[in-house]
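Contents: one structure, followed by commentary.
In the text below, chain A, chain B and the rest are named by the order of the sequence lines, each starting its count at 1.
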Number of protein chains: 2
Amino acid sequence: MPTPNRQRSGETRNEIFAFVRDRIAAGASPTVREVQREFGFRAVQSAQQHLTALVADGRLIKEAGVARGYRLPNGRLPEGGDGASHIGPVGAVRYIPRLGRVQAGALQEAIEDPDGWLPAAAGNPADELFALTVRGESMRDAGILPGDTVVVRRQDTARDGEIVVALVEGEATVKRLKLSAGRIVLQPENDDFAPIEIAPDTEIRILGRVVEVRRRLV
Amino acid sequence: MPTPNRQRSGETRNEIFAFVRDRIAAGASPTVREVQREFGFRAVQSAQQHLTALVADGRLIKEAGVARGYRLPNGRLPEGGDGASHIGPVGAVRYIPRLGRVQAGALQEAIEDPDGWLPAAAGNPADELFALTVRGESMRDAGILPGDTVVVRRQDTARDGEIVVALVEGEATVKRLKLSAGRIVLQPENDDFAPIEIAPDTEIRILGRVVEVRRRLV
DNA sequence: TTGACAAACAGACATTTGTCTGTTTTAATA
DNA sequence: TATTAAAACAGACAAATGTCTGTTTGTCAA
């Protein structure tokens, strides 16, 4: 059998796209010459031509006048408003610091010295986000289990019914916030646990609101 | 008050680190001259010096001979083996395609035409991952609720007790797999639902194993 | 005051990377 | 076969970027 027809199949172009996409996802756009080398082209222009075509097709975006300037266009967002906004523009990622034990007043220090980082879609840069590991079964019926990671948006206040991280007796805890007629209650979602009623003069400190839950299965 | 002491506080260096970190997270490392411009240095070397120092401190990594070659070092992993391995090397991200409705046999097509993309720590490149939105309450007691996104590792087989995505009556469904004495059962985690027993001659197709659950709160 | 040192400045040069012009090869098709 | 268009090649130049040598300035502390 002679050489299979690759000349007009567009297969090489697809492979180049996949290569560039993966390199961008891995941290940085490749250069034209890196594409050239990867595919064994003897001329820079061979790679350049494919890349230009991919940009013309809208499969890639090029930042003009910038080395390693290839970017991925935005991922199409699901139409259904199911709150799946953690799917964002591909390529725009932010890293959320994952904190160890948070104790009284030490939030800022904990944020500056995280255990590690979680990638997430970029979202609103003004939001201060951090992540915590859940301890205990108290939110089981809300689908938040021990070992789960919660992503928290830093804020001092919250509204009735929102799940918050609050500082109770010097330790961070996840509960649902109940506000009614001047009473403040931190409500577990598990009948085995008692609600924590906040006396009017008690100091309660809300660290933020839980915006995402992640669980890694073995 | 005279000019506060910035000369030796290291504050500028911290700001430069934050700038570089955020730029890397946003998609690409800045150049030395971009740092220079951002901080208003009149000499390239001023920025260069800070960057070199950050590399010496281990706060950044530099790929030699590469434009825009600054990278973030790996996030420190939590020592506790709590399975939180979705925290990976910072900067190494992969995008997981999020599929809409998956119907009989159409998995490959669905993967090539995703609804959107989820960022995740890179992990093992050999793993084929995709994501699905959960419908129904059948896995409620396992902490998997309607609207949750499950990340699935593509595989044809699974072990007893693992949560899998299987194709049942032409539609993808999430259940716990129970294998015992030649019987195959897809077990819901909710008493309101009945287990699905797979008759020996029935065609059952396992699409993959659930490796992560994500839930976005309003 | 002076020495030590970090930080910033000045200017240059080397390398990497992007982009251009024009030619040749390959495969499909009239 | 002749035509055509995509794909690949060849060689060059320009712009972006990395890196170097040496000097000056600001702050601390002896």
Side-chain angles (χ1 to χ4, degrees), chain A residues 1-21 23-24 26-72, chain B residues 1-20 23-24 26-72 91:
Chain A
M1 201 167 88
T3 308
N5 170 13
R6 252 184 158 265
Q7 188 81 17
R8 298 202 179 189
S9 67
E11 199 40 45
T12 301
R13 182 154 307 168
N14 286 334
E15 285 171 19
I16 288 178
F17 171 71
F19 171 72
V20 175
R21 163 173 41 75
R23 287 286 301 265
I24 293 173
S29 161
T31 65
V32 180
R33 280 175 180 78
E34 282 173 354
V35 174
Q36 179 197 354
R37 253 169 281 151
E38 176 73 17
F39 289 86
F41 293 130
R42 269 170 291 184
V44 196
Q45 186 57 12
S46 305
Q48 178 85 289
Q49 223 161 222
H50 280 291
L51 291 168
T52 305
L54 285 167
V55 170
D57 292 350
R59 299 223 270 165
L60 290 178
I61 289 170
K62 176 67 169 59
E63 264 189 64
V66 164
R68 299 172 180 274
Y70 291 95
R71 307 282 179 263
L72 292 171
Chain B
M1 201 166 86
T3 309
N5 172 13
R6 248 180 163 271
Q7 188 81 18
R8 298 202 178 188
S9 68
E11 198 41 47
T12 301
R13 183 154 306 168
N14 286 334
E15 286 171 19
I16 288 177
F17 171 71
F19 171 72
V20 175
R23 287 287 300 267
I24 293 173
S29 161
T31 65
V32 180
R33 280 175 181 78
E34 282 173 355
V35 174
Q36 180 197 354
R37 253 170 279 149
E38 176 73 16
F39 288 86
F41 293 130
R42 267 169 293 182
V44 196
Q45 187 56 12
S46 305
Q48 177 84 289
Q49 224 163 219
H50 281 292
L51 291 169
T52 305
L54 285 168
V55 171
D57 291 351
R59 299 223 270 166
L60 290 176
I61 290 170
K62 175 67 168 62
E63 265 189 63
V66 165
R68 299 172 179 274
Y70 291 95
R71 307 283 179 261
L72 292 170

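Rounded to whole Å, the distance from CD on B:E11 to C1' on D:dT27 is 17 Å. Rounded to whole Å, the distance from CG on A:L54 to P on D:dA7 is 10 Å. When rounded to the nearest whole Å, the span between CD1 of B:I16 and C1' of C:dA7 equals 10 Å. Nucleotide D:dA8 holds its P atom 12 Å from the CD atom of A:Q36, rounded to whole Å. Rounded to a whole Å, the CZ atom of B:R33 is 15 Å from the P atom of C:dT16. Rounded to a whole Å, the CZ atom of A:F41 is 18 Å from the P atom of D:dG11. A straight line from NE2 of B:H50 to C1' of C:dC9 spans 12 Å, rounded to a whole angstrom. Look at CD on B:E38: it is 15 Å from P on D:dT17, rounded to the nearest Å.
In plain terms, the two heavy atoms of B:I24 and B:Y70 that are nearest each other are CD1-O, 3.4 Å. Pairing each heavy atom of B:R59 with each of B:F17, the nearest pair is O-CE1, 3.2 Å. Between B:A47 and B:Q36, the closest heavy-atom pair is CB-N, 3.7 Å. Taking all atoms of both residues into account, the shortest heavy-atom contact from A:P30 to A:R23 is CD-CB, 3.7 Å.
Of the residues near DNA chain D, A:G40 and B:R68, the one whose nearest nucleotide (by heavy atom distance) lies more toward the 5' end is A:G40. Across the interface with DNA chain C, nearest-nucleotide mapping of A:G69 and B:A43 shows B:A43 to be the residue nearer the 5′ end.
Put simply, A:R42 has no side-chain N or O that comes within less than 4.0 Å of OP1 or OP2 on D:dA8.
Donor-acceptor pairing under 3.5 Å, judged by distance alone, is absent between the side chain of B:Q49 and the base of C:dA6. Judged by atom type and distance alone, B:Q45 does not reach the base of C:dA10 through any side-chain donor-acceptor pair under 3.5 Å.
Side-chain atoms of B:V44 lie closest to D:dT19 of the nucleotides D:dT19, C:dA10, D:dT17. Set against D:dT19, D:dA7, D:dT17, the side chain of A:R13 has D:dA7 as its closest nucleotide. Side-chain atoms of A:S46 lie closest to D:dC9 of the nucleotides D:dC20, C:dT17, D:dC9. The listed nucleotides are D:dA10, C:dT17, D:dG18; the one nearest the side chain of B:Q48 is D:dG18.
The CZ atom of A:F41 sits 9.5 Å away from atom CD of A:Q49, with the distance rounded to the nearest 0.5 Å.
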